[in-house]
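As structure tokens, the structure follows; a few thoughts come after it.
Reckoned from all heavy atoms, side chains included, excluding hydrogens, waters and symmetry mates. Lettering follows sequence order; numbering is per chain, from 1.
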Number of protein chains: 2
Amino acid sequence: MHYSIGEVSDITGIAASTLRYYDREGMFPAMERSSGGIRVFSETELATLKVIACLKSSGMPIKDIKEFLDWCQEGDPSIGKRREMFHRRLTEVESQIAELERTRNMLRYKCWYYDTASEAGTEDAVRDLPDDAIPEDLRDYRI
Amino acid sequence: MHYSIGEVSDITGIAASTLRYYDREGMFPAMERSSGGIRVFSETELATLKVIACLKSSGMPIKDIKEFLDWCQEGDPSIGKRREMFHRRLTEVESQIAELERTRNMLRYKCWYYDTASEAGTEDAVRDLPDDAIPEDLRDYRI
DNA sequence: ATAGAAGTTAAAGTCAACTTGAGGTCAAGC
DNA sequence: GCTTGACCTCAAGTTGACTTTAACTTCTAT
């Protein structure tokens, strides 16, 4: 199947200007053009966009994603590099999750703090409470 | 206890230029200065920095954090607003975690994919494998 | 054949969150 | 008194990831 830039934008929710920007950066090396110079996206480019989305949401910068896509073009000889890259990315995302979970726990503490203050109508009711007045699962996340 | 900007930078790992920038943005409304005009950080500012770190790692922009800190200055009347803000932030972080977990699973699939390709020496060995040749827990994350 | 929607380019603009640079001041030890 | 390192301000620069603009072309439907 073939798609115009507008169709791809509608399918993926990515702005056409962003797709042009990715193209300018060389992320779609195999993309074709109509005789009049109009971009023709195919399944290949849609697959690339999925990989871009995955790597982007793992926090990888565009230029590193571009480098990875270049490795894909090189074929089998670059399998090792690509494998290592994904393992590093996985480790990275796992620590991002751990950090976000810590953040979530601090926010849970703050929610409890403000629920309590809100009920009392004043922060004085919570500010200097001893640790054992704090729900056990939130105690370590007091800030 | 009182700290110089350099000490706070060492304690927190935040660059002195960043601390000055935060100060310029009005995040330390109670911070004092020495007679010579030098910033004197106290426990109050260290506590603020912890809140800033928490909200920043939840993805909140600096100007919204500033707005929250302004609410804190208003005292008890703003407890409701602050409470709602933390509840929204918690919801937000929970969906960020869910999205990152999805990303992690896609990366796990890619790790398996490249482990397999690497062992075989060629991507041909994995590219078009049927779904049931993929580890069950990764099947849904094929990209 | 023509209108208008959708596409094209290159270059400039935007935004957040800092960081850097220039030029000057403060504070502690000798 | 003087050096030296840490501090100060203000303005400008940086980075990444887009987005916008202007001027133009192509495609599609009537």
Within residues 38-47 of chain B, which residues have any heavy atom lying less than 4.0 Å from an atom of DNA chain D? B:Ile38, B:Arg39

Would you confirm whether B:Ser9, through its side chain, and B:Ile5, through its main-chain N or O, come within 3.5 Å as a donor-acceptor pair? no

Measure from the side-chain N and O atoms of B:Glu99 to the backbone N and O of B:Gln96, and report whether any donor-acceptor pair falls under 3.5 Å. no

For a 4.5 angstrom cut-off between non-hydrogen side-chain atoms, does [X] reach [Y]?
X: A:Leu46; Y: A:Glu43; answer: yes
X: B:Leu90; Y: A:Arg108; answer: yes
X: A:Arg20; Y: A:Arg39; answer: yes
X: A:Met60; Y: A:Lys56; answer: no
X: B:Phe41; Y: B:Leu19; answer: yes
X: B:Ile134; Y: B:Tyr109; answer: yes

With rounding to the nearest 0.5 Å, note down the distance linking CD in A:Glu101 to CE in A:Met106.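 It comes to 12.5 Å.
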
Could you grab the distance from atom OG of B:Ser58 to atom CZ of B:Arg88, nearest 0.5 Å is fine? 11.5 Å

Describe, in one word, how the ring planes of B:Phe68 and A:Tyr114 are oriented to each other, choosing from parallel (under 30°), tilted (30 to 60°) and perpendicular (over 60°). perpendicular

I'd like to know if B:Asp23 and B:Arg33 make a salt bridge, using a cut-off of under 4.0 Å between side-chain N and carboxylate O. yes

To the nearest angstrom, the OH-P distance between B:Tyr22 and D:dC8 comes to 17 Å

Identified side chain to side chain donor-acceptor pair (under 3.5 Å) counterpart of B:Tyr113 within the set B:Arg142, B:Arg127, B:Glu123: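 Of the listed options, the one satisfying the test is B:Glu123.
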
Quick one: how far along DNA chain C does chain B reach, first to last nucleotide 5' to 3', anything under 4.0 Å to a heavy atom?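 Span of nucleotides near chain B: C:dA16 to C:dA27.
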
Salt bridge (Lys or Arg N to Asp or Glu O under 4.0 Å) against A:Glu7, all qualifying residues, sequence neighbours excluded: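 Expected list: none.
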
Just to be sure I understand the geometry, which residues of [range] put a non-hydrogen atom under 4.0 Å away from DNA chain C?
range: residues 56-67 of chain B; answer: B:Lys56, B:Pro61, B:Ile62, B:Lys63
range: residues 6-20 of chain A; answer: A:Gly6, A:Arg20
range: residues 24-35 of chain B; answer: B:Arg24, B:Ser34

Might you confirm whether atom CD of A:Glu74 has over 12 heavy atoms from other residues, nucleotides or ligands at distances under 6.0 Å? yes

